[in-house]
Amino acid sequence: MESLLIKGGVPLHGEVTISGAKNAVLPIMAAALLTDEPCVIRRVPNLSDVKFMAQILEWLGATVKVKGDTVHIHAHKIKGSGDYELVRKMRGSICIMGPLLGRLKKATVSLPGGCVIGARPINLHLKGFAALGAKIRVENGYVEATAKHLTGAAMFLGGRAGSTVLGTGNVMMAATLADGVTVIESAACEPEVVDLANFLNAMGARITGAGSPTITVTGVKKLHGAEHDVIPDRIEAATYAIAAAATNGEVTLLGARADHLHAVLDKLHDCGVKIERKGSAITVSRKGSLKPIDVTTLPYSGFPTDVQAQMMALMTLTPGISIITERIFESRFMHVSELARLGADIEIEGPSAIVKGGKPLSGAPVMASDLRASAALVIAGLAAKGSTQVNRVYHLDRGYENMDQKLRKLGARIERIEES
Ligand code: EPZ
């Protein structure tokens, strides 16, 4: 198993190109199942999650060809049930259910278990499918949705933590081939949902309101093939912006969308980070010492939960008390104990972490527990004195394309090694 060995203390400098968005590309690849015609998706990042999704689509009968960052998918003939093991391995693959139900009126997948960040039920996905007329059955670890036909309906998809991103996408995809009009209230407004809706409309769907809490889908008889350029990854962009601030460097994010990053850039500005925008480039640098801030994660356009851990790493370096509150996932503080290994002083009080920052961090061996926690440990390692070894970087490879190479290009002393 691989690890990353980081020698900290080097300010990052230079330019980094932001890749396509993981959380947009996974449902967009699944959406290709809605048509028997070829689809072409560009700006697809080279990630293990993308490889998993490709395997799942091939298992269902589609052909998937990857040429550089372009993926050709042709779901000419497909079957309605996903491979148990493959689907179980990647939660995001639940988004094959909507397209299968929409096209075949039948979808069977393994129930995605919980993960380290929370229970992550799919009750809202199933609520939406049932509202369209599907019969839902959960048995032997599988969930099955079947319907003679799907009928458009009005539904409310808000849950314990507000809207659901993949739930909105899943139901929206099934509704594209339903009879009549579907109205999704409390829909997720994330840019990844908008990108999926744009791809579906390019396939001939009739979706309006994506990006707002009310999405309307007017069903059509059939969808056709389409081409699409995936949006840049706002979470990857936020991660490099925070790494620049943490190392007191200056980094330009190429190809990032500032309009997808308002909440993050606003918080960085509040804590004393300088943000300059020129076209699709955002330059991040620090002007003097950082100031403590409070952050609460919320559905979009609030502060993203996928940047919570990275922001916490920055606050460990910031003199004073910062409070980070996680409102989306019930156990997304796995990185706290690992940051403490580097000398951070963090106390957890219910959904909040109280960070007493400013004490210099010192390098140590740490363990990645999930995708964004591993990014936070890399940022802390880049700022810490001495060497940090981040183990289990397979978590990182799920969502960051060539992170160690990109960081090396920015001057970081980082290398991939076999775990000792
Ligand atoms: C997407 O997950 C992202 N994953 C997550 O990114 C991201 O953290 C999350 O949205 C929130 O922004 C992908 O897009 C592949 P949710 P998703 O349904 O759609 C509860 C990363 O690091 N809920 O919006 O699975 C749920 O438990 C990953 O890239 C229900 O209660 O998240 C959570 O508390 C991690 N019932 C909240 O809603 C449901 O049926 C939000 O979850 C569905 C969700």
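The residues of the chain are indexed from 1 along the displayed sequence. Read the numbers this way: they start at 1 and go in the same order the structure lists the ligands and their atoms. Quick caveat, the model's predicted, so the values are computed rather than measured.
Ligand 1 has no atom lying under 4.0 Å from any heavy atom of K127. Assignment of G159 to the shell around ligand 1 is not supported, since no heavy atom sits closer than 4.0 Å. Heavy-atom distances between R332 and ligand 1 reach below 4.0 Å in at least one pair.
Annotation for ligand 1: atoms under 4.0 Å from non-hydrogen atoms of I122 are 39 (C), 40 (O). Heavy-atom contacts of H125 reach the following atoms of ligand 1: 40 (O) (cutoff under 4.0 Å).
Judged by distance alone, the side chain of R286 and the main-chain N or O of A245 form a donor-acceptor pair under 3.5 Å.
Using a cutoff of 4.0 Å between basic side-chain nitrogens and carboxylate oxygens, R234 and E192 are scored as salt-bridged. Salt-bridge annotation for D306 and R332: present, with a side-chain N of the basic residue lying under 4.0 Å from a carboxylate O of the acidic one. At a threshold of 4.0 Å, the pair D229-R43 does not count as salt-bridged, since none of the basic side-chain nitrogens sits closer than that to a carboxylate oxygen.
Which of G167, P121, A309 comes nearest to atom 44 (C) of ligand 1 through a heavy atom is settled by distance: it is P121. For atom 14 (O) of ligand 1, the nearest non-hydrogen atom from the set N23, T168, V25 comes from N23. Around atom 1 (C) of ligand 1, the closest heavy atom drawn from V165, D370, I328 belongs to V165.
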